[in-house]
Each structure stands twice: as structure tokens, then as C-alpha cells.
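Heavy atoms only: backbone and side chains are in, while hydrogens, waters and symmetry mates are out. Computed from a prediction, not measured in an experiment: that's the story for all the values here. In listed order, ligands and their atoms are each counted from 1.
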Amino acid sequence: MKEVILIKNGELALKGLNRSTFEDSLIRSLKRRLKELGEVSVTKSQSTIYVEPQEDGFDFEEALARVGKIFGIAGYSRACVCEKTPEAIYEHAVQYLRPVLETAKTFKVEAKRADKSFPLRSPEICREVGGVLLDAFPHLRVDVHHPEHTVFVEVRDYAAYIRVEQLRGAGGLPVGTAGTATVLISGGIDSPVAAWTMAKRGLKLNAVHFASPPYTSPRAEQKVRLLLKKVAEYSGAIGLRIVPFTEIQDEIAKCCPEEYFTLIMRRMMMRIAERLAEKSGSPALITGESLGQVASQTLPALVTTDAVVSMPVLRPLIGMDKEEIIRISRMIDTFETSILPYEDCCTVFTPKHPKTRPTLEACAASEAKLEIEPLIKKAIAETTFSIIE
Ligand code: ATP
Ligand code: MG
């Protein structure tokens with residue numbers, strides 16, 4: 001039996017003239033994510049996108065899993081395709097729906113007839129298919145109000161499609177339709193969630209990670225790669241820049257008052273991330289900060305880190321509790337990796353009494369002895385680039 005995936009767009013329906021751009025972008029994402037699984041055709045017709053395997057070895061289950069992670073899809077379903085004659089529809093319905101209906105108690109049938117030359121009208125299709133299914137599965141009952149399963153039969157121009165309910169898609173907007181942004185990624189719980197949350201709104205991602213060997217181990221870096229790989233299952237490929245940060249941390253420790261260490265470090269990260277973002281054509285930064293979560297995330301502290309960049313800093317987690325953030329990280333499967341123990345550079349020089357109400361002036365004064373510009377230039381010159389997908 002031939003199976004296909006039928007996809008309903010998410011918010012795309014609302015986008016008026018942009019709609020076809022969005023749909024094309026979604027189709028490109030689908031093709032990119034599915035092509036490794038075998039030959040497949042991805043086409044649109046009216047408001048549905050059809051994913052049709054073109055060869056026997058096509059990994060259909062994996063394709064379904066991948067489609068479930070592509071942003072811009074509200075709902076999707078697997079369906080069986082057959083010739084559009086009443087007999088073929090009855091026969092395929094029984095065969096195809098057997099695994100679902102055998103264990104169900106109640107069902108109903110809904111039908112759509114896009115091809116008006118088909119001999120049965122929609123209510124007749126419902127009645128006939130319903131009857132055939134009742135004959136084949138005598139334990140079933142029809143319940144039009146609260147059926148356990150709704151069987152959909154659609155007669156389209158070239159074929160008929162038989163399926164049960166839709167699965168819920170990842171929602172959001174197709175990646176890339178909102179532009180590109182650069183996420184500051186640590187090995188923690190928050191920043192991968194922040195990255196995923198913004199990719200969901202249609203942003204393509206670049207990433208910057210600050211590594212401080214030997215204070216941080218190569219495994220911390222490996223952890224960041226693993227986290228981004230998980231995010232990339234949703235966002236598509238991510239360009240990762242790893243910035244050597246040891247010298248900057250040493251210089252901060254040498255030249256600045258201890259209670260400002262974290263803030264100055266965060267300011268240096270923001271400055272460097274902004275320059276790397278500019279170079280790679282990304283006009284905004286993303287961080288995993290959440291208001292009040294730690295000393296460097298109080299409002300006065302955020303003011304001092306924002307002050308050193310002119311790009312907008314997107315902080316999608318700003319109003320979320322840790323519990324909500326953890327819920328998302330479990331859902332996108334980054335949590336278990338995030339809680340692996342390897343230190344990231346923030347924990348290396350944590351002051352005993354960090355400033356929670358810094359002023360801009362005091363912050364600037366506390367980094368007066370730091371050779372900011374040469375340090376930034378050197379770190380950028382030694383930055384390495386790789387693509388995570
Ligand atoms: P996370 O769970 O994302 O590490 P956090 O709660 O530990 O966040 P901080 O360590 O204060 O908070 O970091 C705040 C934000 O700064 C992070 O969400 C991330 O965007 C960025 N950041 C922190 N450390 C690094 C790093 N080593 N490289 C790149 N970005 C970083
Ligand atoms: Mg952290």
C-alpha cells in the first residue's frame with residue numbers, strides 16, 4: 001500500500017501575500033531534511049503539502065519523525081493513497097485502517113470530494129465507507145459526537161487519500177523566513193532552549209560559544225556541539241563559532257574588582273558576539289537569560305550587558321520560570337545533555353559576592369584597566385568555525 005504524508009501549514013495561512021514565499025521556504029526545509037532518507041517528492045496543492053516517497057527503501061517512519069520537528073507545520077498525517085474508485089477506497093480503507101480500528105470502540109467517517117466527477121457525494125462516501133468498515137470490524141460502533149477515531153476520506157484530482165486524525169506539528173514559522181540571529185550558546189539548560197524558541201519563530205541560527213581551556217575541558221565544547229545538534233533537528237544547520245576566552249578571563253581576574261567579574265565577562269562576550277554576528281550577516285543576538293535567575297540577570301545587570309552592544313538582544317526566556325524552561329528542554333531532548341557536569345567558563349571565576357545592582361558607570365570604571373579592544377581583536381582572530389547539522 002502506498003503511503004504519503006499530508007501537511008497543513010501553521011500560521012502560514014495568515015500571511016496574505018507572503019504566503020507563497022513561506023510555503024516555498026517550508027518546502028525547501030522539507031526537501032533538505034528528507035532527502036537523506038531516499039527519493040521523495042514534495043509538492044503543494046491548495047493548502048496541503050504532499051510528501052510522497054518515490055522509492056521502496058524510503059524510511060517513512062523517520063520521515064514522519066523529521067516532519068514533526070519542522071517549524072511552520074501545524075498538523076500532519078500519514079495517509080494511504082489509492083485509485084479514486086469506490087471499490088479501491090473500500091478495500092484500502094479496511095486494509096489500511098485495520099491496525100487502528102481493530103483496537104478501537106467507536107469511529108466516524110468524514111469525507112471531502114474535491115473531484116466533483118466522482119460518482120458518490122460526500123455524505124454518500126461517509127455512509128458507504130462507514131458501512132464497509134462496520135462489516136469488516138463488527139465490534140465497532142459509529143459515534144458522530146465523540147468518536148475515538150475519525151476516518152477521513154478525501155477524493156482529490158489524481159487519487160483518493162484515506163487517513164485518521166492529524167498529528168500535531170511543531171508550529172511556528174519556517175526557518176529563515178524571519179532572517180538570521182546569533183545565539184550565545186553555553187553548555188547549560190537555558191541557551192539551547194532560547195535558540196530553539198527563536199528558531200521556532202522563523203529565525204535561522206548562528207551560534208557563538210566561549211571556551212576557556214584549560215579551565216573548561218574539551219568535553220564542555222563537545223557538549224555544546226551535541227546540544228546544537230539537537231537544536232539543528234528543528235532549526236536546520238547552525239554555523240558555530242568557538243571563541244578562545246581564556247586570556248580574557250585571566251585578564252579580567254587580574255585587572256578588575258572581583259564582584260564585577262561575571263558582569264565584565266558577560267560584557268566581553270556580548271561585544272565579541274556582536275562583531276561576529278555583524279561579520280556573518282546576522283542583525284540580532286539571542287541569549288538564554290531569564291530575569292532574576294542569577295546575579296548577572298537582574299534588571300540593572302542586564303542594562304549593563306545591553307549597554308555594550310547596539311544590536312537588539314532577543315531573550316525569549318526572560319519571563320519564564322526555570323520549570324517552564326526545563327519542560328521545553330526535556331521536550332526538545334537537550335535536558336539530559338545540558339545537565340552533564342562539565343564546567344562552562346561562567347562557573348570558573350564566579351565571585352563570592354557578585355554585584356546585583358551595578359551601575360553603568362561603576363561597570364565601566366571596573367573594566368578601565370582592561371585592554372578591551374586588543375583582547376577582542378585577538379579572540380576574534382583565533383575564533384574557529386564549523387557547521388553543526
Ligand atoms: P545557560 O543555561 O544558557 O548556561 P545560565 O542560566 O547558566 O544560562 P549564565 O551562565 O549567566 O546563565 O549565562 C547567561 C547567558 O549567557 C546564557 O544563556 C548564554 O546565552 C550566554 N552564555 C553564558 N556562557 C556562555 C558561553 N560560555 N558561551 C556562549 N554564551 C554563553
Ligand atoms: Mg550557564
Side-chain angles (χ1 to χ4, degrees), residues 181-198 205-213 215-225 227-228 230-231 238-246 248-249 252 260-277 284-299 301-302 304-306 308-309 311 313-318 320-326 328-330 332 334-351 354-356 358 379-380 383-384 388:
T182 296
V183 60
L184 285 83
I185 185 100
S186 71
I189 295 171
D190 304 326
S191 42
V193 172
W196 178 87
T197 307
M198 293 320 303
L205 300 175
N206 284 332
V208 176
H209 174 67
F210 297 88
S212 305
Y215 304 122
T216 59
S217 81
R219 292 163 93 173
E221 214 177 288
Q222 191 50 30
K223 186 175 160 185
V224 165
R225 290 179 189 278
L227 289 169
L228 286 177
K230 292 282 182 193
V231 175
I238 301 172
L240 168 64
R241 289 178 171 80
I242 295 190
V243 183
F245 205 54
T246 317
I248 293 179
Q249 283 199 308
I252 294 173
Y260 286 91
F261 280 0
T262 313
L263 282 176
I264 297 172
M265 197 177 76
R266 303 273 311 119
R267 279 157 67 97
M268 291 302 279
M269 285 185 183
M270 297 298 268
R271 289 178 175 118
I272 293 170
E274 182 179 53
R275 301 228 192 145
L276 292 172
L285 300 175
I286 303 169
T287 72
E289 289 157 314
S290 164
L291 191 62
Q293 196 190 75
V294 289
S296 59
Q297 296 174 25
T298 63
L299 198 50
L302 293 177
T304 67
T305 45
D306 255 8
V308 297
V309 291
M311 271 183 190
V313 181
L314 309 177
R315 296 183 170 93
L317 313 187
I318 197 71
M320 288 189 201
D321 294 344
K322 196 76 187 186
E323 256 174 71
E324 295 173 80
I325 299 169
I326 288 177
I328 300 176
S329 78
R330 286 190 191 279
I332 64 175
T334 52
F335 184 74
E336 297 300 328
T337 307
S338 288
I339 60 174
L340 293 173
Y342 320 114
E343 301 282 282
D344 76 8
C345 61
C346 294
T347 40
V348 177
F349 292 99
T350 309
K355 271 275 172 220
T356 53
I380 288 181
T383 293
T384 57
I388 310 288

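Within the 4.5 Å cutoff, side-chain heavy atoms of Phe335 are placed close to those of Ile189. In this structure, the side chains of Ile325 and Ser290 come closer than 4.5 Å at one or more pairs of heavy atoms. Residues Ile332 and Lys230 fail the side-chain proximity criterion, which asks for heavy atoms closer than 4.5 Å. Two residues are said to be in side-chain contact when any heavy atoms from C-beta on lie closer than 4.5 Å; Leu205 and Val231 meet this criterion.
Heavy-atom contacts of Thr287 reach the following atoms of ligand 1: 20 (O) (cutoff under 4.0 Å). Interface atoms of ligand 1 facing Ile189, defined by a heavy-atom separation under 4.0 Å, are 2 (O). Of all the atoms in ligand 1, the ones that sit under 4.0 Å from a non-hydrogen atom of Gly188 are 1 (P), 2 (O), 4 (O). Interface atoms of ligand 1 facing Ile185, defined by a heavy-atom separation under 4.0 Å, are 26 (C), 28 (N), 29 (C), 30 (N). Annotation for ligand 1: atoms under 4.0 Å from non-hydrogen atoms of Gln297 are 6 (O), 9 (P), 11 (O), 12 (O), 14 (C). Using a 4.0 Å cut-off to heavy atoms of Ser296, the atoms of ligand 1 that qualify are 11 (O). Residue-ligand proximity, Gly288 to ligand 1, at heavy-atom distances under 4.0 Å covers atoms 17 (C), 18 (O), 20 (O). The atoms of ligand 1 that sit less than 4.0 Å from any heavy atom of Gln293 are 6 (O).
Between Val294 and ligand 1, no pair of N/O atoms sits closer than 3.5 Å. The shortest N/O to N/O separation between Ile286 and ligand 1 does not fall below 3.5 Å. In terms of polar-atom proximity, defined here as any N/O pair under 3.5 Å, Phe210 does make such a contact with ligand 1.
In Val208, the part holding a heavy atom less than 4.0 Å from any atom of ligand 1 is the backbone.
In the candidate list Asp190, Leu184, Ile325, Leu184 is nearest to atom 20 (O) of ligand 1, counting heavy atoms.
With sequence neighbours left out, Arg271 forms a salt bridge (charged side-chain N to carboxylate O under 4.0 Å, His left out) with Glu367. In terms of the side chain to side chain donor-acceptor pair (under 3.5 Å) criterion, residue partners of Arg219 (sequence neighbours excluded) are, by chain and number, Tyr342.
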* To do: Please test Phe245 against Met269 for side-chain contact (heavy atoms from CB on, under 4.5 Å), starting from the C-alpha separation and ending with a verdict.
  => CA-CA 9 Å; Phe245 205 54; Met269 285 185 183; 3.7 Å; yes

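Put simply, the residue from Leu302, Thr287, Thr305 that forms a side-chain contact (heavy atoms from CB on, under 4.5 Å) with Val313 is Thr287.
Side-chain N/O atoms of Thr298 and Thr356 include no donor and acceptor closer than 3.5 Å.
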